[in-house]
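Notes follow once the structure below has been shown.
Both backbone and side-chain heavy atoms feed into the values below; hydrogens, waters and symmetry mates do not. Protein chains get the first letters and strands the later ones, always in sequence-line order, with residue 1 at the start of each.
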There are 2 protein chains.
Amino acid sequence: MSLKFGILGLLSDKDLTGYALKKEFDQSISHLWTASQSQIYRELNTLEKNELIFSRIEEQPDRPDKKIYTITPVGRTAFQEWLEAFPENLSSAKRDTFMLHMLFGSALPEETIRYQLHRFIEQKKAYLKLIEGVDLEAYYNDASRKELLDKRYMRFTLKRALMSLETLIEWAEWCLEEMKEDVK
Amino acid sequence: MSLKFGILGLLSDKDLTGYALKKEFDQSISHLWTASQSQIYRELNTLEKNELIFSRIEEQPDRPDKKIYTITPVGRTAFQEWLEAFPENLSSAKRDTFMLHMLFGSALPEETIRYQLHRFIEQKKAYLKLIEGVDLEAYYNDASRKELLDKRYMRFTLKRALMSLETLIEWAEWCLEEMKEDVK
DNA sequence: GGAGACATGTAAGTGGTTACATGATTCC
DNA sequence: GGAATCATGTAACCACTTACATGTCTCC
């Protein structure tokens, strides 16, 4: 439901190809929304059918042709309407495979859990580095960007990702401590 | 993919009806996995067809008949195999509608964002109270429970939910502070 | 009389994943 | 020679949501 509006939101800042949209999703907003390439292309087709966006083909001599999408006035209105209507329930559905494994952890040797917690910490630390490395200045100095995605709100979303990651690392370290102490 | 194993995991502790499974999901593990009622009934049918579980009907004179599901040895093996195979990537796909709204916040009046952040804080605080109120002792004193869901690991998952909620509240308060200061 | 708990399910539609398919260029 | 980047898409399948449908009992 919301992928549609994620795409419209990005297109309301500037025109993009499907390929470039995928990159925006991966690089700029993967900490709050993920989308696969085939999902994006499928959604673009639907949006064009419904006249919320339109496309033009840009031929490139050496590379495959580009199909560049632009948002229509109708698209802008639809996006604005969605934007104003915040969901009642502000938390999203949870489906965490790692935590499901953890929950049933007693059917596994403690060693396995410890090992997985260490992996967890490593992965979160790597992701933390990535988020800390995001250069907002450079991102917003991109001349093509009309700054509809306000720097402040982008900063807010990054801050949340950062704080959450730090907490997750703390949590996993707390678990490891607990497993040391209560030798059962 | 994992709902299947969530159900098998719960059934490896004790026999349950579809209705009771839904309650377990909502009450005990909603902080790490959510599932709708229709999803559970559909999955139970599939699991029974594949002989990972079987059912017996218990007639009740005054209420609708119960269909009680039991895990088979094959089911136990399948569950154990899944349990041992942790996913490579330990973070789950992100799809956070609230954060998507936030990201495009500059197309909304600041008042709206402030209001939504306050709502966010309220909701998280309410959820926090709920998690803090979970009585593990009572849960594990339920005579029918075979304690396959080890108290320790349940405690770990609750701790994570708790820490994460506290961080989210802190984050939203930080955002509100930021919005006070840089009067632009 | 109405709401909510108990108990089961089906149907239709939307959303998402995985795998396949093509093809040039650039960099190592 | 091989991997990565640029660039597009299709097909099949699986997961999830929402709405519908039925019926009793208990408590207020």
So side-chain hydrogen bond (donor to acceptor under 3.5 Å, both in side chains) across residues 45-56 of chain B, not counting sequence neighbours, yields B:D15-B:R56, B:E48-B:S55
C:dT8 phosphate, OP1 or OP2: any side-chain N/O from B:Y19 under 4.0 angstrom? no
Between C1' on D:dC6 and CG on A:L16, what's the gap in Å once rounded to a whole number? 15 Å
What is the distance, rounded to the nearest whole Å, between atom CG of A:L3 and atom C1' of D:dC16? 15 Å
Less than 4.0 angstrom between a side-chain N/O of A:K23 and OP1 or OP2 of D:dC6, yes or no? yes
Can you sort out which residues in residues 30-45 of chain B have a heavy atom within less than 4.0 Å of DNA chain C? Ascending by number, please. B:Q37, B:S38, B:Y41, B:N45
Could you tell me the separation between the NZ atom of B:K66 and the P atom of D:dT24, rounded to a whole number of Å? 19 Å
Aromatic A:F120 / basic A:K124 pairing, under 6.0 angstrom, 45° off normal: yes
For DNA chain C, which residues in residues 85-96 of chain A have a heavy atom at a distance below 4.0 Å? none
Within this structure, what is the CG-to-C1' distance between A:D26 and D:dC6, rounded to whole angstrom? 14 Å
Interatomic distance where CD belongs to A:E59 and C1' belongs to C:dA24 [whole Å]: 16 Å
If I take atom OH in residue B:Y69 and atom P in nucleotide C:dA7, what distance separates them, rounded to the nearest angstrom? 14 Å
Taking all non-hydrogen atoms of both residues, which atom of A:L100 and which atom of B:S2 are closest, and how far apart? CD2-O, 3.7 Å
Please find the pair of heavy atoms, one from A:Y153 and one from B:L103, that lie closest to each other, and give the distance. CB-O, 3.9 Å
Send over the distance from B:L47 CG to D:dC14 P, rounded to a whole Å. 14 Å
So, B:R119 versus B:Q116: side-chain donor-acceptor pair below 3.5 Å or not? yes
For C:dG9, take OP1 and OP2 only and decide whether either is under 4.0 Å from a side-chain N or O of B:K67. yes
Please state whether the phosphate of C:dT8, meaning OP1 or OP2, lies under 4.0 angstrom from any side-chain nitrogen or oxygen of B:K22. no
Exactly one candidate in A:L16, A:L47, A:I71 meets side-chain contact (heavy atoms from CB on, under 4.5 Å) with A:I7; the answer is A:L47
B:N50 CG - D:dC14 P separation (whole Å): 11 Å
How far apart are the closest heavy atoms of A:I40 and A:G18, and which atoms are they? CG2-O, 4.1 Å
A:W171 six-ring centre to B:K159 NZ/CZ under 6.0 Å and within 45° of normal: no
Name the residue from B:F5, B:F156, B:F86 that meets the ring-ring contact (aromatic ring centres under 6.0 Å, His included) definition with A:H101. B:F86
When B:I68 and A:S2 are each assigned the nearest nucleotide of DNA chain C, the 5'-most assignment goes to B:I68
